[in-house]
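Reminder, nothing fancy here: chain letters follow the sequence lines and each chain counts from 1. Because only heavy atoms are used, hydrogens play no part in the values below, and waters and symmetry mates are left out as well, while side chains stay in.
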Protein chains: 2
Amino acid sequence: MGQDLPVTGYALLGLLTFGDELTGYELKQRADITMRFYWVSPAMSQIYSELARLSDRGLVAAVADDSGTSRYRITDEGREVVREWMTETPAGFPVLKHPVALRLLMGHLTDAATTRAMLERYVEELAAARRDLAEVRAGLVGRDEPGQNFHHPSLVADWGLAYFDSEARIARRTLRRMSADGP
Amino acid sequence: MGQDLPVTGYALLGLLTFGDELTGYELKQRADITMRFYWVSPAMSQIYSELARLSDRGLVAAVADDSGTSRYRITDEGREVVREWMTETPAGFPVLKHPVALRLLMGHLTDAATTRAMLERYVEELAAARRDLAEVRAGLVGRDEPGQNFHHPSLVADWGLAYFDSEARIARRTLRRMSADGP
DNA sequence: CGACCCCTATTCCTATTCGGAATAGTAGTC
DNA sequence: GACTACTATTCCGAATAGGAATAGGGGTCG
């Protein structure tokens, strides 16, 4: 069994497997744009402390440019460690923190109008998130066929789009049920 | 604006608003059984440190029984703080850590059979989680009509069931797409 | 009745995560 | 040259995670 990393370490390695050499700042941006739909984007401090650990273990290599900026690339060992993690350990079940569902649970503490307003707002937020992800998905076109670099990211993006559609349907159904309930 | 609590504090208060007086251990059990489908169940240590904070702020009251065990009940102020949190602050968007999607993203690092096996396992795990939640849902029947105590929990449980169904569909679709792609 | 096992109850421990803010430098625009 | 925004990294304290450790009690079995 390879060495243990927090999952976020594997996630950052994963982002680097697409070939780019990135600064910590760019990694954070990349995570904010693409990964945040299915894995919480790590905090800035975590990115840098994780890069330090990955570098210490030889899983990434830092390359300094002329101005002293460090860019990171994954090493062959890093790639192997991710591959091993994927083949030797179970993925595990998704972990969700759903504040809308949490507040819906406690709906008995407020009037129904407050809860309906929250659901309506959530539907809007879902639409906005879906637009963002659709834009990311559109950026993959042309390199998303099987065997191409972005094939798997396109499967993940399609998953996210379908998830947003499903959530919107469920939220609207819940709104309808609440409206049928009376005031 | 009321005082600030971590969301888990509100979540624990929320569990207590259903009327029971619970020990920390029972709260953890309750969270493990009912809340874990839409909010990660807090760690044991976190339950107790959170209860201490809620107690310090007068949001819960500890009642010791004969054997020295402490049970907690929400206070009127605690109920008011939750109500205010729900009406005065936005819910926010769900936060997801989806290890299956994360590994799917990195599918280019392993053979397709590994990724398909992970998706198949996830479908099984979804079915098991759905069975668990269906059981919780069944336990609400009889007290889940509008105006009744478990109405909102039943809406949340229905949401979770629909979410699991949707995830299973998406996972199966992804499996089909991968099979159509070749070996 | 004692041994054993499991459950209940709470504290303890370390590592990770969070959420940027703070700090510093650079590039582009006006 | 001033200003703004971006890039790059470190810093900080709090929250979360994940139980394990510790201790006590109840139920079952021989």
Side-chain angles (χ1 to χ4, degrees), chain A residues 3-13 20-33 35-36 39-57 60 62-72 85 89-90 92-99 102, chain B residues 3-13 20-33 35-36 39-57 60 62-72 85 89-90 92-99 102:
Chain A
Q3 62 272 60
D4 248 352
L5 287 175
V7 176
T8 301
Y10 293 108
L12 295 182
L13 288 173
D20 305 300
E21 288 178 0
L22 305 171
T23 64
Y25 179 82
E26 284 168 340
L27 257 176
K28 168 66 172 165
Q29 279 189 311
R30 189 70 60 94
D32 283 348
I33 295 168
M35 205 166 79
R36 68 178 167 91
W39 197 268
V40 66
S41 178
M44 190 64 72
S45 54
Q46 203 184 351
I47 300 272
Y48 280 94
S49 60
E50 206 53 52
L51 283 174
R53 187 206 335 257
L54 296 173
S55 189
D56 284 348
R57 297 188 189 186
V60 300
V63 185
D65 67 9
D66 291 339
S67 66
T69 290
S70 294
R71 294 181 170 278
Y72 297 84
W85 171 68
T89 67
F93 206 74
V95 165
L96 179 59
K97 288 188 162 179
H98 202 308
L102 182 64
Chain B
Q3 61 271 59
D4 247 351
L5 287 173
V7 176
T8 300
Y10 292 108
L12 296 181
L13 287 173
D20 306 300
E21 288 178 3
L22 304 171
T23 65
Y25 179 84
E26 284 168 340
L27 257 176
K28 168 67 172 165
Q29 281 189 311
R30 190 66 62 93
D32 283 349
I33 295 168
M35 205 166 77
R36 69 177 165 93
W39 197 269
V40 66
S41 178
M44 191 62 72
S45 53
Q46 204 185 349
I47 300 272
Y48 280 93
S49 60
E50 206 51 52
L51 283 174
R53 183 199 345 249
L54 296 173
S55 189
D56 283 348
R57 298 188 189 186
V60 301
V63 186
D65 67 11
D66 292 337
S67 66
T69 289
S70 292
R71 293 179 171 280
Y72 296 85
W85 171 69
T89 67
F93 206 73
V95 166
L96 178 59
K97 286 187 164 181
H98 202 308
L102 182 65

(message) Tell me the interatomic distance from B:Y10, atom OH, to D:dT16, atom C1', rounded to whole angstroms.
(response) 17 Å
(message) Which is more 5' along DNA chain C, the nucleotide nearest A:E50 or the one nearest B:T69? Just name the residue.
(response) B:T69
(request) Can you spot which of A:R36, A:K28, A:R30 makes a side-chain hydrogen bond (donor to acceptor under 3.5 Å, both in side chains) with A:D32? (result) A:K28
(request) To the nearest 0.5 angstrom, please state how far the CG atom of A:L12 sits from the OH atom of A:Y72. (result) 11.5 Å
(request) Compare the minimum distances between each of D:dT10, D:dA8, C:dT17 and the side chain of A:E26, then state the nucleotide with the smallest one. (result) D:dA8
(request) Could you tell me the separation between the CD1 atom of B:I47 and the P atom of D:dG19, rounded to a whole number of Å? (result) 14 Å
(message) Checking contacts here: which listed nucleotide (D:dT16, D:dA8, C:dT10) is nearest the side-chain heavy atoms of B:P6?
(response) D:dT16
(message) Whether B:K97 contacts C:dC18 is assessed here as follows: a side-chain N or O lying under 4.0 Å from the phosphate OP1 or OP2. Is that the case?
(response) yes
(request) For A:R30 and D:dT7, give me the distance from atom CZ to atom C1', rounded to whole Å. (result) 15 Å
(request) Output the single nucleotide from D:dC6, D:dA17, C:dT16 whose closest atom is nearest the side chain of A:Y25. (result) D:dC6
(request) Report the distance from atom CG of B:L54 to atom P of D:dA15, rounded to the nearest whole Å. (result) 12 Å
(request) Look at A:Y48 and D:dT9 and indicate whether a side-chain polar atom (N or O) is within less than 4.0 Å of OP1 or OP2. (result) yes
(request) Taking only the side-chain heavy atoms of A:A43 (C-beta and beyond), determine which of D:dT9, C:dT10, C:dG19 contains the nearest atom. (result) C:dG19
(message) If the test is side chain to side chain contact (heavy atoms under 4.5 Å, CB included), which one of A:L96, A:V7, A:V40 qualifies with B:K97?
(response) A:V40
(request) Output the single nucleotide from C:dT17, D:dA8, D:dG19 whose closest atom is nearest the side chain of B:S45. (result) D:dG19
(request) Could you state the atom-to-atom distance from CG of B:D32 to P of C:dT8 in whole Å? (result) 12 Å
(request) Give the rounded distance in Å between these two atoms: CZ of A:R36 and P of C:dG19. (result) 14 Å
(message) Measure CD/A:Q46 against C1'/D:dA14 and give the value in whole Å, please.
(response) 14 Å
(message) Expressed as a whole number of angstroms, how long is the span from A:M44:CE to D:dC6:P?
(response) 13 Å
(message) Is the phosphate of D:dT7 approached by A:Q29 (side-chain N or O, under 4.0 Å from OP1 or OP2)?
(response) yes
(request) Give the nucleotide from the list D:dA8, D:dA15, C:dT17 with an atom nearest to the side chain of B:R53. (result) D:dA15
(request) Grab the two heavy atoms, one from A:E21 and one from A:E26, that are nearest each other, plus how far apart they are. (result) O-OE1, 4.0 Å
(request) Name the nucleic acid region contacted by A:S70, choosing base, sugar-phosphate or nothing; use a 4.0 angstrom heavy-atom cut-off, strictly under. (result) sugar-phosphate
(request) Please check the phosphate of C:dT16 (OP1 and OP2 only) for any side-chain N or O of A:T8 closer than 4.0 Å. (result) no
(message) Reading DNA chain D from 5' onward, which residue's closest nucleotide shows up sooner: A:R71 or B:V7?
(response) A:R71
(request) Measure from the side-chain N and O atoms of B:Y25 to the backbone N and O of B:M44, and report whether any donor-acceptor pair falls under 3.5 Å. (result) no
(message) Working to the nearest 0.5 angstrom, can you tell me the gap between B:Y48 OH and B:L51 CG?
(response) 7.5 Å
